[in-house]
Protein chains: 2
Amino acid sequence: MSTPPSSFSSSQRKPATRIRSTAEFAKYVGLARTTVSRVLNDQPGLKEATVTKVKQAMEETGFTPNAYALHLKGKKTATVGICMENLLTPPAVRKLARLQQKLKERGFSSLIEVLTPGTSKEVCRHFLSLRVDAIVFVGHFIEEEIAARVNEFNSQSTPHVVIDQLGIPGANSVALDRVKGMKIVIEHLIALGHTRFGLLGLSGSTRSIIDRLSGIESALTEHGLSKSESILTHDSKFIRKNDFDYGRALASAFSCAKNPPTAYVALNDEIAIGALHGFQDAGFKVPSDISIVGFNNQDICLMPKPVLTSVDQGIEETVDAAVNLLLDQIDRPSIKPRTKMIEPILIERGSCARRKK
Amino acid sequence: MSTPPSSFSSSQRKPATRIRSTAEFAKYVGLARTTVSRVLNDQPGLKEATVTKVKQAMEETGFTPNAYALHLKGKKTATVGICMENLLTPPAVRKLARLQQKLKERGFSSLIEVLTPGTSKEVCRHFLSLRVDAIVFVGHFIEEEIAARVNEFNSQSTPHVVIDQLGIPGANSVALDRVKGMKIVIEHLIALGHTRFGLLGLSGSTRSIIDRLSGIESALTEHGLSKSESILTHDSKFIRKNDFDYGRALASAFSCAKNPPTAYVALNDEIAIGALHGFQDAGFKVPSDISIVGFNNQDICLMPKPVLTSVDQGIEETVDAAVNLLLDQIDRPSIKPRTKMIEPILIERGSCARRKK
DNA sequence: TCTTGACCAAGACAGGTGTCCCAAGAAAAT
DNA sequence: ATTTTCTTGGGACACCTGTCTTGGTCAAGA
């Protein structure tokens, strides 16, 4: 951490208080404000010695021009507001991490807020008061709420993108094709000889669930299976928490029933792993007795024994597409809203096997 | 979605382009800029009708005063810059989530950047150019680099706090007492009759590792055990990755050796769970043959069978203390740097048992 | 010594906002 | 009808920066 050579004895001359403006800074350097400004903006016609003098002083004082004043002079804020559904689930965080990284590569800073129901208006106002160049939503929110925000964005031509939530009219969105996601899962299990399926946590009336159920149905009918006979669920018996313990409880419910299904499809990896443990505790062998498929392909898929087969979200692809959508809007404000679907990929591991007998 | 009652026919009158200033907005409303400004700042002496007229127009147009211009008038930016070591490990993200939430409660926005080695100067400059009210570091960084930043902060009296990294002179810091963390682990295992311990991933020369080793040593000597006879490690045999597979590899190395230790202490939960699987694959029973303790008490502790005993970091306590340190600095700029240590707590689960025989 | 450049100092303006001030207009009270 | 009180309009200034202009200083060349 050696200080670069300096004509000032650096440790002594450090100003007691922070320098807040180019005027103060110019006084410190002993030059006119305009001269300093010329150095800061790489303008020609300056003596070499002057330039180095100013740059050294910047090193010493850590002075930086006020970005807020710069913005008033017409400079872009180069800031993006990110609205997260939560910061606790690994897939959401992976998206955030990728998003922040990609935006940084393009020179944008990330402002982050977690959206609780009903706060979207306030949060977006705040972002807009900070004159962000774009706003991103990550996760599933109340549809009407986001639709209202998107409406506002469109009427003000504010660049935006909605990641993971489909069905918002007029929105730029990127989302996993969940219909297809479930379809390839069921087809995989059918190929392994399974005909009856237990659903773990796949109930509700959100767009995400409806899409996934429709994917399941589509796969079933294409293979001549009837929905009513092939599908079982015990979701309604427990308070839905979408976590490990919920999966475990569901498994025990299935285990107690007679003639349980041989294959299970879970809402997410947590539930799948909980169920896996539940079935193992009940004396079933995975995958020889029972096959289980998770969703999201998180790191925890490697934690249980056997390791969990799961559906990969293509997070990198999703976020990269979202960033591209954003940049397109920033470059061409008149561009029309677009939706990009991401193809899911089944990652086969050890929790599925051919049906016995 | 219902628009509040309005004298304008809302969907029609929406301006085609975004309103960018109070001047434009005042023209839209049909009032003087000063009058609008008075409404926005809740000044007295205004007719009721005028106030509601302006507020309705705000609803319709979504107009918000430019925060950048406000700051020029002396208003605080109410923004905090957060430097993250990474956004991929769950403990780091939990800290971020808590931090963002607590800051929001106090009215601060969160600017987030991931720091790669060598970028701290640039990132902090950027934060300072955005006139953040404080800067937070979360994670372990290159000591000299952070020390240099802290030095700059102190000379400019920039409020800051370093979470998780000790040993930075002059810094406001909050960190887990890792010495004690390891000490309570070893004491727990000694109480269960263990006398020989395998270390998983606990090698290196970072402050964090040194502290933890010193905690182990302290517990051993207090119980009359010698370090050289009680401690075994195979860390150097593999490329250290601190993940599940690394733990698994270490376990297989211990399994092959003759007379392996009966108790194992891991750097983190991932390694511990990997090792747990590795030992089980090698034919050992956990916890009857072998006891294992993780570190961090993440959610994944519940994934393996048996569930993993681990040390809780007290993330909430840590972050809350950090926020308090920040606020103290903002309120009293002359306050001296302080360090707050957080007490670790051993969470006993199923992966430890009394030593056989 | 005088001219010519090269360089810098100093002033002015714009950008959006809050606030102070004074004048103008409208409504209310006399 | 006149006066008083309420309310609004409009100008001015400060905040910080980049940029344009003008004027000044100093050294080098003629």
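Here is how names work: the chains are called A, B, and so on, in the same order as the sequence lines, proteins then strands, and each is numbered from 1. Computed from a predicted structure; not experimentally measured.
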Closest non-hydrogen atoms of B:His140 and B:Glu85, given as atom of the first, atom of the second and distance, are N-OE1, 2.9 Å
query: What pairs with B:Arg94 under side-chain hydrogen bond (donor to acceptor under 3.5 Å, both in side chains), at least two apart in sequence or on another chain?
result: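 By the side-chain hydrogen bond (donor to acceptor under 3.5 Å, both in side chains) rule, B:Arg94 matches B:Glu316.
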Taken in chain and number order and not counting sequence neighbours, the residues that satisfy side-chain hydrogen bond (donor to acceptor under 3.5 Å, both in side chains) with A:Gln165 are none
Cationic N near anionic O, under 4.0 Å, A:Lys27 to A:Glu24:
no
| Under the salt bridge (charged side-chain N to carboxylate O under 4.0 Å, His left out) rule, what pairs show up with a residue in residues 159-173 of chain B, not counting sequence neighbours? |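 Qualifying pairs, neighbours excluded: B:Lys95-B:Asp164, B:Asp164-B:Arg178.
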Residue pairs meeting salt bridge (charged side-chain N to carboxylate O under 4.0 Å, His left out), one or both in residues 322-338 of chain A, sequence neighbours left out, come to A:Asp328-A:Arg338
ring-ring contact (aromatic ring centres under 6.0 Å, His included) contacts in which one or both residues fall within residues 143-166 of chain A, not counting sequence neighbours =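 Checked against ring-ring contact (aromatic ring centres under 6.0 Å, His included) - neighbours excluded - the pairs reaching residues 143-166 of chain A are A:Phe153-A:His160.
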Open item on the list: Let's go through B:Thr158 and A:Arg18 carefully: what are the C-alpha distance in whole Å and the side-chain angles of both, what is the deciding distance for side-chain hydrogen bond (donor to acceptor under 3.5 Å, both in side chains) to 0.1 Å, and is it a yes or a no?
Closed with: CA-CA 8 Å; B:Thr158 301; A:Arg18 190 189 320 184; 3.3 Å; yes
For residues 122-135 of chain A, tabulate all N or O donor-acceptor pairs below 3.5 Å that involve a side-chain atom, not counting sequence neighbours.
residue: A:His126; atom: NE2; partner: B:Ser109; partner atom: OG; Å: 3.2
residue: A:Ser129; atom: OG; partner: A:His126; partner atom: O; Å: 2.8
residue: A:Arg131; atom: NH1; partner: A:Leu128; partner atom: O; Å: 2.8
residue: A:Arg131; atom: NH1; partner: B:Thr64; partner atom: O; Å: 3.2
residue: A:Arg131; atom: NH2; partner: B:Thr64; partner atom: O; Å: 2.9
residue: A:Asp133; atom: OD2; partner: A:Ala78; partner atom: N; Å: 2.8

| query | Among residues 66-74 of chain A, which contact DNA chain C at a heavy-atom distance under 4.0 Å? | reply |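 Listed by number, they are A:Ala69, A:Leu72, A:Lys73.
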Under a 4.0 Å heavy-atom cutoff, the residues of residues 38-45 of chain B touching DNA chain C are B:Arg38, B:Asn41, B:Gln43
Looking only at side-chain N and O atoms, does B:Thr34 come under 4.0 Å of OP1 or OP2 in D:dG9?
-> no
### Message
Using a 4.0 Å heavy-atom cut-off, does B:Ser21 contact any base of the nucleic acid, only the sugar-phosphate backbone, or nothing at all?
### Response
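The residue B:Ser21 makes sugar-phosphate contact but no base contact.
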Exercise. Which part of the nucleic acid does B:Ser37 contact within heavy-atom distance under 4.0 Å: base, sugar-phosphate only, or nothing?
Worked result: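 It contacts base atoms.
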Can you give the first and last nucleotides of DNA chain C, 5' to 3', that have an atom under 4.0 Å from a heavy atom of chain B?
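Both ends considered, the range comes out as C:dG16 to C:dC21.
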Rounded to the Å, how far apart are [X] [atom1] and [N] [atom2]?
X       : N      : atom1 : atom2 : answer
A:Ile19 : D:dT17 : CD1   : P     : 11 Å
B:Lys53 : D:dT7  : NZ    : P     : 15 Å
A:Arg20 : D:dA14 : CZ    : C1'   : 16 Å

Result for 5'-nearest mapping on DNA chain D, choosing between B:Gly30 and A:Phe63, is B:Gly30
Counterpart residues, salt bridge (charged side-chain N to carboxylate O under 4.0 Å, His left out), relative to B:Arg98 (two or more places apart):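 Only B:Asp320 meet the salt bridge (charged side-chain N to carboxylate O under 4.0 Å, His left out) criterion with B:Arg98.
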B:Tyr68 meets the ring pair (Phe, Tyr, Trp, His ring centres under 6.0 Å) criterion, sequence neighbours left out, with A:Tyr68, A:His71
- Please determine, by modelled atom types, if A:Ser173 and A:Thr339 share a side-chain donor-acceptor pair under 3.5 angstrom. yes
Assess the side chains of B:Glu145 and B:Ser120: does a donor N or O sit below 3.5 Å from an acceptor N or O?
yes
Taking five pairs at each terminus, the helix from C:dT1-D:dA30 to C:dT30-D:dA1 shows an axis bend, to 10°, of 50°
### Query
Which comes earlier along DNA chain C counting from the 5' end, the contact point of A:Arg33 or that of A:Val36, where each point is its nearest nucleotide?
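By nearest-heavy-atom nucleotide position, the 5'-most residue is A:Val36.
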